[in-house]
Amino acid sequence: MSTIGYSSWAVDLADVGAIYPFQGYEVPMVIVGVVFWLGWHVIQARRESEELAEAAKTASAERTKAAIERY
Amino acid sequence: MDGNLDALTTIFTEFYYWVTVVFMFLIHVGFCMYEVGASRRKNHLHTLMKNVMIIPLVTVTFFFFGWWIYWAFPSFPIMGGIDFAAGQANLPTSETMATNLGDRITGVFWAAFLLFSWTAASIVSGSVIERIRSSALWVHAVLIGSVWWIIDAAWGWHYAGWMVQKLGYHDAYASGVIHAIAGGYALGVLWVLGPRLGKFAEDGTPRDIPPHNPWMVTLGIFMIYTGFWGFYAACNVPLISPEVIGGEITGTTWTATNIYLAPTSLGAITFNFLLSLSGGLMASYLVSKGDAFWTFSGGLAGIIGASAGNDLYHPMQALIIGAIVPVLAYKLHYYVERKFKIDDAVGAVAVHGYAGFMGVVIAGFVLWGAPSSPFEGYATINPLGQLVGAIIMFGVLGFIPAFVVTKIQASMGTLRIPAEVELQGLDFGENQAYEDAVAEITRANLNLVKS
């Protein structure tokens with residue numbers, strides 16, 4: 001038994017194609033990848049909105065002046 | 001692989017594209033250095049992260065759908081529908097989009113195109129620094145990197161693209177298909193986003209916002225120059241026989257070709273890359289009166305201006321085109337800035353957008369009547385086809401989609417950071433933590449000295 005379809009390299013490489021694990025499960029694997037990608041955007045956008053709202057609320061004139069003067 | 005020659009050609013081609021990818025990585029390093037150097041200290045980390053995260057986001061989406069678009073869209077919609085059969089092998093679920101001993105080229109070819117995608121997104125990223133939300137920019141990065149530019153590549157940078165067949169469109173090293181579209185896209189975003197606070201005086205006079213670190217900006221552009229060699233090489237097919245091309249070329253002489261499978265050589269593009277760079281640097285030095293920022297950027301604009309025809313130009317043609325284009329781009333930059341109050345922080349619209357547009361149009365005159373392809377029935381290169389092509393790149397696939405999406409983001413309140421945060425700087429959290437840590441360790445060490 002082998003996850004890549006080969007348990008020995010005693011083969012003619014001209015006959016060998018895909019050698020990655022779990023061939024036949026490409027669709028579910030890509031679905032997992034797409035969910036990860038879209039989920040990342042959602043989490044990041046929410047977090048950024050919260051952080052910016054908090055920063056706008058707590059911004060102080062003194063700190064802002066220091067940041068501007070530091071260039 | 002049948003026989004030694006076939007095996008050598010395959011392995012050489014695989015390694016060739018792989019090396020171009022490594023070189024092109026330097027373009028992104030250069031963009032990061034350039035952007036961070038151009039930003040003010042209060043925005044360094046945010047600026048860096050905004051650009052770095054383009055890498056994974058464009059990579060995954062280019063794997064999911066960008067690469068498929070390139071193979072499925074060459075005829076769509078002018079000469080036919082979406083070619084699902086050609087796209088099949090390039091879907092993310094295809095066996096050839098993975099570890100596969102029967103296909104050694106798809107992975108490196110995909111990656112070479114992907115690095116162009118990063119560049120397109122990175123061009124937009126630089127122009128909007130210090131006021132855009134990261135989440136908004138990253139949506140644009142995915143759209144320009146994995147949708148719009150690759151549609152234009154399918155149309156005008158593919159041996160069977162409808163623009164090549166019908167318009168005779170010729171853009172060997174991507175003046176239009178990367179630079180004009182990215183510049184047009186950046187302009188569409190900037191139009192809605194608005195300038196940084198303080199960029200314009202009350203009477204509308206633009207103020208210069210000097211880079212925090214000119215040396216980092218300089219090194220960044222040198223990195224981009226270096227990576228550009230990989231970009232140029234990646235635009236070629238390194239070695240192919242007329243038999244494999246299957247076009248009208250007779251005889252048995254193997255050759256390098258451009259992306260349209262029309263013959264050129266690495267020697268030709270080496271001459272022309274260096275001469276167009278030189279023309280750009282020299283002319284920009286004069287027009288900007290020795291300004292370092294514009295001289296270096298002008299070198300880049302010189303290459304970009306000549307890139308459409310650098311597979312065929314004489315080096316002196318590359319030199320002169322490389323000199324003229326950056327001067328016009330420089331003048332246009334300041335005209336648009338004053339007239340439309342556009343704050344392009346790094347001059348990306350000028351260096352990439354205007355220079356790329358002009359480069360495509362100029363190639364139509366200089367290469368008028370030359371074959372756009374080795375295949376029968378294609379239109380030859382001509383000024384009108386190039387002008388229409390440049391408009392499609394800059395306007396139809398660049399400016400318009402960017403303008404529409406950015407308008408939607410603005411209406412949802414997810415485009416721009418609050419004014420208080422813009423003044424304070426986007427590294428508010430990191431800077432405070434840094435200042436606190438410096439204060440604490442300084443206090444602790446001083447206490448040790450006293451005791």
Side-chain angles (χ1 to χ4, degrees), chain A residues 2-71, chain B residues 1-2 7 39-43 46 49 53 56-61 63-65 91-103 133-139 142 146 197-198 209-213 409 412-414 416-429 431-432 435:
Chain A
S2 164
T3 57
I4 68 166
Y6 296 91
S7 49
S8 158
W9 288 122
V11 293
D12 182 347
L13 293 181
D15 301 327
V16 177
I19 51 169
Y20 53 85
F22 308 115
Q23 290 156 39
Y25 289 90
E26 289 83 1
V27 172
M29 286 194 285
V30 170
I31 289 172
V32 169
V34 170
V35 169
F36 174 56
W37 161 54
L38 291 174
W40 188 92
H41 276 289
V42 171
I43 293 168
Q44 186 278 330
R46 277 190 193 150
R47 203 174 281 175
E48 185 180 32
S49 288
E50 288 166 9
E51 284 173 3
L52 287 172
E54 181 65 22
K57 227 186 299 174
T58 57
S60 72
E62 189 188 350
R63 209 183 296 167
T64 301
K65 211 174 152 211
I68 292 169
E69 284 173 348
R70 206 166 45 211
Y71 201 75
Chain B
M1 290 186 280
D2 306 319
S39 69
R40 286 164 287 186
R41 200 185 300 182
K42 60 184 178 176
N43 294 315
H46 178 270
M49 293 309 295
M53 291 310 291
L57 293 169
V58 175
T59 299
V60 296
T61 51
F63 185 84
F64 292 148
F65 46 78
L91 284 169
T93 51
S94 165
E95 282 193 354
T96 51
M97 289 291 283
T99 313
N100 189 319
L101 295 186
D103 179 351
R133 286 179 187 235
S134 295
S135 50
L137 184 274
W138 289 331
V139 168
V142 169
S146 292
L197 295 175
I209 301 181
H212 169 73
N213 188 335
Q409 290 175 325
M412 292 169 67
T414 57
R416 193 166 172 138
I417 60 173
E420 304 91 325
V421 181
E422 186 177 338
L423 283 171
Q424 185 180 251
L426 278 155
D427 294 347
F428 48 87
N431 279 338
Q432 197 52 44
E435 299 293 343

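Note that these values count all heavy atoms, side chains included, but never hydrogens, waters or copies made by symmetry. Order of the sequence lines fixes the chain letters, A, B, ..., with proteins taken first and strands second; residue numbering starts at 1 for each chain.
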Heavy-atom pairs under 4.5 Å with chain B: which of [options] has the most?
options	value
A:Glu48, A:Gln23, A:Glu26	A:Glu48
A:Val27, A:Val30, A:Thr58	A:Val30
A:Asp15, A:Leu13, A:Ile4, A:Ile19	A:Ile19

Residue among [options] with most heavy-atom pairs under 4.5 Å to chain A:
options	result
B:Glu420, B:Arg40, B:Met97	B:Arg40
B:Val142, B:Thr61, B:Val139	B:Thr61
B:Asn43, B:Leu57, B:Ile417	B:Leu57
B:Arg133, B:His212, B:Lys42	B:Arg133
B:Gly413, B:Ser134, B:Gly425	B:Ser134

Below 4.5 Å from any heavy atom of chain A, which atoms of [X] appear? Answer side chain, backbone, both or neither.
X	answer
B:Thr96	neither
B:Leu197	neither
B:Pro56	neither
B:Leu91	neither
B:Pro92	both

Task: side chain to side chain donor-acceptor pair (under 3.5 Å) against B:Asp103, all qualifying residues, sequence neighbours excluded - done: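 Result, side chain to side chain donor-acceptor pair (under 3.5 Å) vs B:Asp103: B:Thr106.
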
Task: By side chain to side chain donor-acceptor pair (under 3.5 Å) - contacts of B:Glu95 (at least two apart) - done: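 Here no residue qualifies.
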
Open item on the list: Once rounded to the nearest 0.5 Å, what's the spacing between atom CG of B:Asn213 and atom OH of A:Tyr71?
Closed with: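 B:Asn213 CG to A:Tyr71 OH: 11.5 Å, rounded to 0.5 Å.
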
Open item on the list: Under the rule for salt bridge (Lys or Arg N to Asp or Glu O under 4.0 Å), what residues qualify as partners of A:Arg63, not counting sequence neighbours?
Closed with: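 Residues passing salt bridge (Lys or Arg N to Asp or Glu O under 4.0 Å) with A:Arg63: none at all.
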
Open item on the list: Is A:Ser60 close to chain B through its backbone or its side chain, or both, or neither, when contacts mean heavy atoms under 4.5 Å?
Closed with: backbone

Counting only heavy atoms from other residues, nucleotides and ligands, does the tally under 6.0 Å from [atom1] of [X] exceed 12?
X	atom1	value
A:Arg47	CZ	no
A:Tyr6	OH	yes
A:Tyr25	OH	no

Open item on the list: Using a 4.5 Å heavy-atom cutoff, which residues in residues 31-39 of chain A come close to chain B?
Closed with: A:Gly33, A:Val34, A:Trp37

Task: Shortest non-hydrogen contact between B:Val421 and A:Ala56, atoms and distance - done: CG2-N, 3.7 Å

